[in-house]
S.K.: 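Following this message is one structure expressed as structure tokens.
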Amino acid sequence: MPSPHPPEFRRRAVELARQGDKPLLQLAQDLGVSRSCLQNWLRQADADENAGTGDRLTSAEKKELAELRRRNKQLEMENDILKRAAAYFARENVLPK
């Protein structure tokens, strides 16, 4: 699902917020986003710029984690299918002919 706001919009919003010309609440209202959304963008930008410091994941790490979780789910499903197939064929070989 695509983000409702493009990355360039987010970057520009972060730049404006860091300039400090307007209070965060006013800037968020002018941009049509919530204050908490703008704060999240600021925190994420800080995490991306200061990679390796702090307890927040960078955008690249979040993307990698999501991909690894998808891959893990796929592998678990494939493993389950193989287990069922093995059980089916084992049962078939045990039956007297």
S.K.: Which distance, rounded to the nearest 0.5 Å, do you find between the CZ of Arg71 and the CG of Leu68?
M.R.: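 Atom-to-atom, Arg71:CZ and Leu68:CG are 10.0 Å apart.
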
S.K.: Quickly, which of Leu27, Leu24, Asn40 forms a side-chain contact (heavy atoms from CB on, under 4.5 Å) with Arg35? Name it, please.
M.R.: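 That would be Leu24; it is the only one of Leu27, Leu24, Asn40 passing the side-chain contact (heavy atoms from CB on, under 4.5 Å) with Arg35.
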
S.K.: Using 0.5 Å steps for rounding, measure from the CZ atom of Arg43 to the CG atom of Leu38.
M.R.: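 Those atoms lie 10.0 Å apart.
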
S.K.: Considering only NZ, NE, NH1 and NH2 on the basic side and carboxylate oxygens on the acidic side, decide whether Arg18 and Glu15 come within less than 4.0 Å.
M.R.: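 The answer is no: the pair does not qualify as a salt bridge.
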
S.K.: Please report the interatomic distance CZ(Arg56) to NZ(Lys62), rounded to the nearest 0.5 Å.
M.R.: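 These two atoms lie 4.5 Å from each other.
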
S.K.: I'd like to know if the side chain of Glu61 reaches the main chain of Thr58, judged simply by a donor and an acceptor atom lying under 3.5 Å from each other, with no hydrogens or angles considered.
M.R.: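 Yes, the answer is positive, given that a donor and an acceptor are paired below the 3.5 Å cut-off.
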
S.K.: Might you point out which heavy atoms bring Leu31 and Ala13 nearest each other, and give the distance in Å?
M.R.: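 What the structure gives for the nearest pair is CD1-CB, 3.5 Å.
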
S.K.: Using side-chain hydrogen bond (donor to acceptor under 3.5 Å, both in side chains) as the criterion, point out the one residue from His5, Arg12, Arg11 that pairs with Glu8.
M.R.: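 When side-chain hydrogen bond (donor to acceptor under 3.5 Å, both in side chains) is applied between Glu8 and each of His5, Arg12, Arg11, only Arg11 qualifies.
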
S.K.: Got Arg10 and Gln44 here, is their nearest side-chain heavy-atom distance under 4.5 Å?
M.R.: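 Side-chain contact under 4.5 Å: no.
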
S.K.: Spell out, as yes or no, whether a donor-acceptor pair under 3.5 Å connects the side chain of Glu78 to the backbone of Lys73.
M.R.: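 Here the side-chain-to-backbone pair does not exist.
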
S.K.: Given side chains that start at C-beta, do those of Met77 and Gln74 come closer than 4.5 Å, heavy atoms only?
M.R.: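 Answer no - side chains too far apart.
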
S.K.: Can you list every pair that meets salt bridge (charged side-chain N to carboxylate O under 4.0 Å, His left out) and has a residue in residues 22-33, with sequence neighbours left out?
M.R.: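 Qualifying pairs, neighbours excluded: Lys22-Asp30.
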
S.K.: Are Phe9 and Leu42 co-members of a hydrophobic cluster defined by side-chain heavy atoms under 4.5 Å apart?
M.R.: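 As far as the 4.5 Å side-chain criterion goes, Phe9 and Leu42 are connected within one cluster.
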
